[in-house]
There are 2 protein chains.
Amino acid sequence: MDFGKSIRIKDIAKLAGVSVGTVDRVLHNRGRVSDSALQKVTAVMNQIEYKPNLIARTLGSNKNYRIAALIPDPTLDPYWAQTNLGIIQAQKEWSQYGIIVETIPFDLYNKESFHRIAREVIDDGPDAILVAPIFYYESVSAFELFQLREIPYILFNTNILEGKPLGFIGQNLTQSGRVGAQLMNLGQHEPATFAILHIDEDVHDSIHLLEKEKGFREYFKEQQKSKFEIVDLSLNPHQITFDDQMRSLLERVDLKGIFVSTSKGTAVAASFVETYGKSDIRLIGYDILQENLKYLKSGTIDFLINQNPKRQAQLGISHLANHLMFKRPAPQMDLFPLEIITQQNVDSYLESGIH
Amino acid sequence: MDFGKSIRIKDIAKLAGVSVGTVDRVLHNRGRVSDSALQKVTAVMNQIEYKPNLIARTLGSNKNYRIAALIPDPTLDPYWAQTNLGIIQAQKEWSQYGIIVETIPFDLYNKESFHRIAREVIDDGPDAILVAPIFYYESVSAFELFQLREIPYILFNTNILEGKPLGFIGQNLTQSGRVGAQLMNLGQHEPATFAILHIDEDVHDSIHLLEKEKGFREYFKEQQKSKFEIVDLSLNPHQITFDDQMRSLLERVDLKGIFVSTSKGTAVAASFVETYGKSDIRLIGYDILQENLKYLKSGTIDFLINQNPKRQAQLGISHLANHLMFKRPAPQMDLFPLEIITQQNVDSYLESGIH
DNA sequence: TTTTTAAATGTGCACGCACACATCTAATTT
DNA sequence: AAATTAGATGTGTGCGTGCACATTTAAAAA
């Protein structure tokens, strides 16, 4: 351990027998350095471990950076409202260092809207972008433009392998489905049916949801004695038939569990389960939203898997800010833990803001 | 939102019509300021929101601070080894800002050792202390000395209400027991016996473990139809009778679940359960230790409640460093979420280092 | 009134880095 | 040999803060 003062540029200069200017040029390789000087400096650099003082570095260059956050309209969806909270919090944290974050909302159910908004963002020319790429093709085309303009960007929530983002922040969705399955399986001794519910206005596009289903099914397939039947339903709550479909599902006597793949859908399913008094059905869904909280406390929802949208967004902004200010590389993949929330531990999550 | 440059001390000085020196004195209230000047400055301060530039602040004061971490010997216990990892990581993070962290280990099973080591630490005179106060009385007396020497300190892992620490970092242990109970209860339809196991060389002192037990019992008491019997055993694995006691416990046909209150004990219990082929017994314990991991993956352990010793320690050091360097107040109580770990989500926790 | 004294206020510097600019060196041209 | 030039190297300044020190002010003592 090397305690004491850390090495400064000045120290390197002295050791190498050159001026700080020369060391600076070598460090940032801006040329204009003779071979002999370059050798002397690199020789010193190899011997000692120079760690630039990031604090001092930032002080001087008092630049203002603008980050655009491209997310579904937070006023129309509680999940994305959480996301937006994270962005606002990050914005507060970084504002004093000249980082300006602006949320640019698009319509969650309208590809065209995403396409249009993405162009606007690009024309606005921010220094970096945080984007939730809900729509596959529209996102890929947007990425191309980002790269053309050399605007660094980070993906979160949904991963898309095309393009060259700085990184991705989110969860392993297949594994997420497996966690749901395991929780469903626990202590179920009799043959039963489990339902996978996709409740969404526009399901067909959501690779998102299908990955969760895949994991869920995988888990049960791996169990030797698979005494369970698994059915899946994609329902649109705005269709007239929705209520009937839900009712007929809940009337099945063999139904012992429901796994809902969206956070919003979880509350919807819970309300039906409660209405029909089917409290013995194990209900597993997503996220600590206000609506879900109610049903979790009443015992209707047994487990929530927390996707932590707030922290995802907050971390996304942080990574970008670090990239812009300190040239610190963002982690290429930041997979969040698959947090299991129950009636008994939910408060501990709500109280501890940061974690 | 106020974009653009943030306000500097210089700006306040100009607005108040005084010099930066006067503003500085007001901000840090070191006196030597006339009433009129003080009023002018505070008037400005109330109107605008001044956020000192922490970056610049750190640059100037290039002090070296020493933090002592007073914890059980990490080489003798995997749980405390995790703690130590957190300390080492924090030490790395902060080293370049002149924070030096030193781990001072004491013997987990020897009060006298704690007493002695605590005196040594005090005589050494660190700038702050992070302490895991395992032993009640010895800790209280140590706190008095800390306060006498005006050394700020933070508690973690175990809370002790005496003394005036900057804060406490840990978990709500009663609630932790309740989480264990809920997980035990889930899907158990037939009458059964659940055992609470305290496996430790030196149980009698551990308020720690008893709180968990309290929460566990509480939960079942609240359930209306309590068809379960709950027994508790305090066992010392170094006693000759230990094996027999474990065997006779596991031979009970009505035993359907075991809740182990220590991280080390969890692995011990798991080995017995596996040896006697009682894989249908639900086993719930603590912490993602290497040993436990094995049994979690094999399915012997059903749930682990994660106390996150690594992050607790890391955060403790961070709080102290922030206190020393930036005069940022540490949160008085930082309660960690009660993370539920299963076979299916454990990897997601291991992979995401930070969270 | 002049001198002393303490309180009040202002000024200047260091912190480590980045960047602009000034100076120096040596090779090339006139 | 003198002048030009481009490449190499060194110097200086600002960033915002905290703190030491210098200076001013006004009240008290001579």
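A note on names: the letters A, B, ... follow the listed sequences, proteins ahead of strands, and every chain is numbered from 1. Keep in mind it's a predicted model, so treat the numbers as computed, not measured.
Rounded to whole angstrom, the span from the CG atom of B:D24 across to the C1' atom of C:dT11 amounts to 13 Å. In this structure, B:N53 atom CG and D:dG14 atom P are separated by 18 Å, rounded to whole Å. The distance between atom CZ of B:R30 and atom P of C:dA7, rounded to the nearest whole Å, is 17 Å. Distance B:L38 CG to C:dA8 P: 11 Å, rounded to the nearest Å. In this structure, the CD1 atom of B:I7 is 15 Å from the C1' atom of D:dT17, given to the nearest Å. Here the C1' atom of nucleotide C:dA18 and the CG atom of A:L27 are 11 Å apart, to the nearest Å.
At the heavy-atom level, A:V20 lies under 4.0 Å from base atoms of the strands shown. Across all strands shown, A:V18 has heavy atoms under 4.0 Å from sugar-phosphate atoms exclusively, and none from any base.
Side-chain nitrogen and oxygen atoms of B:Y50 include at least one within less than 4.0 Å of the OP1 or OP2 phosphate oxygen of D:dT17. Taking only side-chain nitrogens and oxygens, B:S34 never comes nearer than 4.0 Å to OP1 or OP2 of C:dA7. Between A:T58 and the phosphate of D:dC15, there is no side-chain N or O to OP1/OP2 separation shorter than 4.0 Å. Under 4.0 angstrom from either OP1 or OP2 of C:dG10 there lies at least one side-chain N or O belonging to B:T22. Phosphate proximity of D:dA6 to A:R32: absent, as no side-chain N or O sits under 4.0 Å from OP1 or OP2.
Counting only heavy atoms from C-beta on, A:P52 has its side chain closest to C:dC17 among C:dG10, C:dT9, C:dC17. The side chain of A:A56 lies closest to C:dC17 when the candidates are D:dT9, C:dT9, C:dC17. Side chain of A:A37, nearest nucleotide from C:dG10, C:dC17, D:dT9: D:dT9. Of the candidate nucleotides C:dG16, C:dT9, D:dG16, C:dG16 has the atom lying nearest to any side-chain atom of A:R8. The side chain of B:R57 lies closest to D:dT17, out of D:dT17, C:dA18, C:dA7.
If you check the side chains of B:Q314 and B:E93, you find a donor sitting under 3.5 Å from an acceptor. Side chains of B:R119 and B:S141: a donor-acceptor N/O pair is present below 3.5 angstrom, by distance only.
For the side-chain contact (heavy atoms from CB on, under 4.5 Å) with A:W80, the lone residue among A:L85, A:N157, A:T75 that qualifies is A:N157.
If you look at B:F156 and B:F168, their ring centroids are not closer than 6.0 Å.
For A:R25 against D:dG10, a side-chain-to-base donor-acceptor contact under 3.5 Å is present.
Within 6.0 Å of NZ on B:K10 lie no more than 12 heavy atoms contributed by other residues, nucleotides or ligands.
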